[in-house]
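As a basis for the values below, the full set of heavy atoms in this structure was taken, side chains included, without hydrogen atoms, waters or symmetry mates. Every chain is numbered from 1, with letters handed out A, B, ... down the list of sequences.
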Amino acid sequence: MTGSIIVVASFLYLAFLFAVAYVGDKRADAGRSLIANPTIYALSLAVYCTTWTYYGSVGRAASSGLGFVPIFLGPTLVVALWWFVMLKMVRIGKTHRITSIADFIASRYGKSQLLGGLVTVIAVLGVIPYIALQLKAVSTSFSILTHYPAIVMPAKSETVPWLADTTLYIALMMAAFTILFGTRHLDATERHEGMVAAVAFESLVKLVIFLVVGLFVTFSLFDGPEDIFSRVAEDPALRHLTGMEAGGNSFGNWFALTLLSMLAVMFLPRQFQVAVVENVNENHLRRAIWLFPLYLLLINIFVLPIALGGLIHFAGQGVDADTFVLTLPMASGHGWLALLVFIGGLSAATGMIIVETIALSTMVCNDLVMPLLLRYRWLALQGREDLSGLLLGIRRFAIVLILLLGYLYFRLAGEAHALVSIGLISFAAVAQFAPAMIGGMYWRGATRPGALAGLSGGFAVWLYTLLLPSFAKSGWLPIEFLQVGIPGTEWLRPQELFGLKGLDPIAHSLFWSLLVNIGAYICVSLIRRPNAREAGQATLFVDVFKQSRPAGDAFWRGSARIGDLLPLIGRFIGPERARGAFADYARSRGVAGVDALPADAGLVHFAETTLAGAIGSASARVMVASVVQEEPLGLDEVMNILDEASQVRAYSKRLELKSRELETATSELRSANERLKELDRLKDDFMSSVTHELRTPLTSIRAFSEMLLDDPRIDLTERKRFLGIIVSETERLTRLVNQVLDMAKIESGHADWHNGEVSLIEVVEQAVASTSQLFKDKEVALTMDLPESVPILLADRDRLVQVVLNLLSNAVKFVARGEGRVAIHLCDTGEGLRVDVADNGPGLTEQEQIVVFEKFRQGGNTMTDKPQGTGLGLPISRQIVEHYGGRLWVESVAGAGACFSFLLPCGKSTEGSEEAG
Amino acid sequence: MIKATLTGQRLVAVFLLGCVLVNYPVLSVFDPAGTWGGIPVLYLYVFGVWAAVIALMAWIIEC
Amino acid sequence: MTKKILIADDEQNIVISLEFLMKREGFSVCVANDGQEALDKARSEQPDLVLLDVMMPRKNGYEVCQEIRADAALQGMRILMLTAKGRETEVTKGIAMGADAYMTKPFSTKELVAKVKALLDAAA
């Protein structure tokens with residue numbers, strides 16, 4: 001197979017990958033995120049599986065049987081704890097706009113630039129071998145594939161001149177590709193949706209291809225797994241691979257590797273990047289907890305069949321086991337399958353390199369270069385308006401540099417190791433972050449010096465026991481270094497520190513480095529109490545889920561001007577984006593605009609968090625501090641804030657009680673409010689009705705007046721009739737106004753009650769006399785039934801007459817002309833004096849019996865006699881009767897007349913009048 | 001919230017169970033190289049526990 | 001041809017004034033005293049324009065308006081709503097129900113006549 005076919009296929013694949021990323025970015029810009037999905041999230045976590053898994057697991061299995069398993073078993077087990085631990089990391093990351101693992105640690109220990117820088121150095125030095133490993137895998141698989149159909153193991157790269165080395169070009173191409181993915185926009189925020197989409201896609205590709213190869217080897221090259229294993233059982237050279245002790249395995253190493261991979265899957269910069277920084281939604285974590293291990297299981301299920309199959313197939317041919325995945329299809333003449341395998345490996349390598357270098361370049365930029373620039377070139381930076389370009393430039397430069405360093409490591413040391421050993425060196429390096437990270441999330445007492453001591457101690461041990469020996473094995477350091485360490489100190493042999501033997505180099509290094517790391521971290525932290533800044537950050541991190549924790553702005557006091565903050569942020573993330581972010585913040589605070597924002601601690605905190613998304617928390621703090629006047633809080637004050645917070649928790653029970661009381665009060669208030677609203681609505685209805693009742697007569701009056709005015713030729717009878725209508729409508733208006741005022745007075749309690757001794761007999765007689773003309777006009781018969789004497793009431797005579805008058809005129813209004821009968825009856829019941837006015841009119845339905853007592857609601861069809869009624873008579877009457885402690889009601893059957901009655905208590909009338917007095 | 005912490009606790013239990021099952025000494029019980037259905041028992045056991053842990057986590061989270 | 005106008009109002013005095021006014025302008029007039037009657041008369045008399053009060057017994061003006069608009073046989077009938085409730089929401093509701101114009105009581109007779117004529121001219 002010619003190199004050009006492979007190169008073309010690779011570029012086609014990468015172009016497709018780029019298209020996926022492009023679509024992902026576009027969708028993210030349009031607000032329809034492609035990656036807002038737990039499955040995509042789990043697939044992006046599978047960036048854990050690099051070429052190391054893809055090629056290297058088979059290599060390790062070929063030498064040590066199950067020896068590759070702990071590297072995947074560790075993550076499978078530890079994800080069960082993510083429900084608590086990773087959720088907390090993600091929440092902290094989101095709350096504080098954490099951009100990288102260096103940023104996380106720096107921010108936790110008081111936004112320390114020194115700590116951020118140290119973590120960055122460890123991460124870069126630790127991960128460079130790992131990047132070298134990817135380069136090595138791609139270049140090896142490339143050179144093997146070019147010799148197809150022959151199987152030729154690649155020559156040592158030292159024999160190739162630098163400029164003729166394909167690996168260099170692979171590294172440069174990867175750098176270009178990473179720059180395209182990660183730093184394409186002038187957008188220096190922390191998230192890269194397109195990259196995540198591409199990585200998830202790559203995870204799918206490498207899994208599918210690996211499964212295809214596995215099926216091919218197991219079922220096409222051999223007759224299923226039983227066939228392979230039975231041949232292994234027959235072969236004495238291979239039989240030991242089915243046991244635990246294969247290839248120097250031991251239970252101790254097994255445990256160490258499991259632990260190491262547990263830590264690596266959380267603290268590798270690229271894992272932190274996809275799991276925490278790129279997380280779209282905390283809920284995605286739930287499904288990822290089982291989907292991600294499922295992925296690990298699937299991609300490893302054929303590792304043993306391929307490894308053992310390769311060993312059987314290539315017995316004695318000197319084929320490197322790391323290449324079995326590629327060479328098995330080649331050896332059986334399946335060139336296209338081999339090309340596919342190469343693409344899968346490329347996929348695994350690019351995925352890892354892109355995410356890892358983006359994560360590392362962010363760290364280098366935010367936690368190494370920016371702090372230095374801020375310290376030494378502050379004046380020069382001051383002159384530049386927009387710094388987002390500078391940020392991107394630094395990151396791009398860092399990407400190229402990291403890949404070139406990876407290449408350099410590959411040239412110098414790569415040849416000495418199998419893939420898995422290189423990867424484990426990196427794992428051991430990032431494991432050094434574990435104490436500071438986990439302690440930082442759960443232990444308030446940890447301090448910055450503690451974290452510094454732990455990290456640098458652990459890192460130094462790692463350097464001495466793992467990295468330097470790897471150089472020695474490659475001949476870059478004298479090999480005696482391995483045997484004696486520093487001359488004269490045999491007890492300090494790098495891989496047998498203090499004479500500790502029996503562990504493999506990785507387990508040995510892990511034990512000593514973590515021992516030193518954790519020991520220093522705890523002991524140094526315990527030397528002194530956390531200072532104000534550390535205590536503040538500790539609370540924000542440890543109590544990130546607690547509601548009563550103080551907010552980020554609680555630990556800040558000082559003054560700031562929006563006019564300083566906005567341009568500052570704008571210089572780093574671009575003026576438009578900054579303005580947009582501030583406008584969103586203003587909206588969330590309920591403020592009219594950016595300029596109306598109060599320049600308080602909340603604003604400063606917001607500005608700092610926004611800036612942290614671009615340049616990391618430590619640098620952001622320095623930058624923001626340069627434009628605001630900060631009054632440092634003393635430890636006592638921070639402790640007060642913290643005390644307040646803990647007191648809140650301590651008294652939470654009392655608070656709960658209070659809040660229950662408040663709830664009751666609130667519901668009472670709410671129902672009172674409902675009543676008020678109802679009253680308000682009634683008032684509105686009343687006003688609307690009054691308006692209606694006023695406008696109706698006004699309409700007639702105006703219409704007739706205008707007609708009379710316009711047309712002098714109207715004849716006299718018409719003229720008289722019109723004027724008559726005007727007069728009667730005016731009377732109606734007057735009546736209405738009087739009654740409305742009357743009603744209002746009675747309702748508000750301001751009515752005048754002229755109380756005197758009143759006999760209801762006289763009242764009825766007077767009312768009957770007043771209405772007799774009405775009855776006569778309509779030819780309605782009125783019968784009266786009065787007792788001889790009744791107890792005297794103390795009441796307002798005119799008001800009572802008004803009530804009886806109203807009932808009588810209502811009755812006469814509704815009965816039929818000529819046939820109508822109305823009877824009025826007065827008697828002394830035990831309860832008091834009762835007056836009934838019965839008629840034989842149309843009666844009232846049950847609904848109407850209620851409605852008639854409402855204002856402006858009249859029963860039946862009153863059209864014929866409308867001007868007589870205002871719709872206020874009955875409501876006013878009821879008010880009067882009720883004022884004297886009595887009641888007014890109606891009994892009626894529709895179609896069979898109605899009887900309106902009221903009852904006035906004898907004794908109580910006086911009391912009522914006194915109240916009103 | 002109560003349900004969420006219960007799920008979390010169950011997952012911690014799965015973690016502990018898994019750690020015990022795939023480490024010394026339980027693992028050593030399966031070490032003598034025998035086969036079951038043509039496949040070495042140790043392989044079957046390790047991959048079986050691996051799959052079971054995943055199934056258990058899926059069950060705890062999704063049900 | 002004289003245009004026919006249906007006056008629908010439950011206030012006798014307003015009916016009298018509107019009847020006089022419309023007759024003086026040379027229209028032929030018919031009268032309805034409630035909503036149902038207005039709907040019946042609209043169907044039987046086929047007036048060119050309805051002066052429609054909102055607050056009427058049996059059926060209110062909005063319902064009448066809606067039913068006229070829903071009746072295919074009554075297309076082209078103009079509706080001028082009159083009401084004593086002059087709030088903005090009521091005007092909007094009237095227009096939404098399909099009224100061509102809306103006047104609040106008390107109205108100027110000149111304006112009413114002008115509006116009636118404008119509506120009838122637009123229809124022609």
Gap between atom CD1 of C/Ile14 and atom CZ of A/Arg695 - 0.5 Å precision: 12.0 Å

Does a side-chain heavy-atom distance below 4.5 Å link C/Lys110 with A/Asp710? yes

Heavy atoms, side chains only, cut-off 4.5 Å: are C/Leu21 and A/Glu706 in contact? no

What part of C/Leu82 gets within 4.5 angstrom of chain A, counting heavy atoms only: side chain, backbone, both, or neither? neither

Reported CD1-to-OG distance for the pair A/Ile726 and C/Ser17, which is rounded to 0.5 angstrom: 10.0 Å

Within 6.0 Å of CD in A/Glu678, more than 12 heavy atoms from elsewhere: yes

Please classify the contact between A/Ile714 and chain C as side chain, backbone, both or neither, with a heavy-atom cut-off of under 4.5 Å. side chain

Measuring from A/Thr696:OG1 to C/Lys105:NZ, what's the distance to the nearest 0.5 Å? 5.5 Å

All heavy atoms of A/Arg702 vs all of C/Pro106, minimum pair found to be NH1-O, 3.7 Å

Report the C-alpha distance between A/Thr699 and C/Glu11 in whole Å, list the side-chain angles of each, state the deciding distance to 0.1 Å, and finish with yes or no for side-chain contact (heavy atoms from CB on, under 4.5 Å). CA-CA 10 Å; A/Thr699 307; C/Glu11 283 285 336; over 6 Å; no

Is the number of heavy atoms from other residues, nucleotides or ligands within 6.0 Å of CZ (A/Arg821) greater than 12? no

Is C/Arg24 in contact with chain A via its backbone, its side chain, both, or neither, using a 4.5 Å heavy-atom distance? side chain

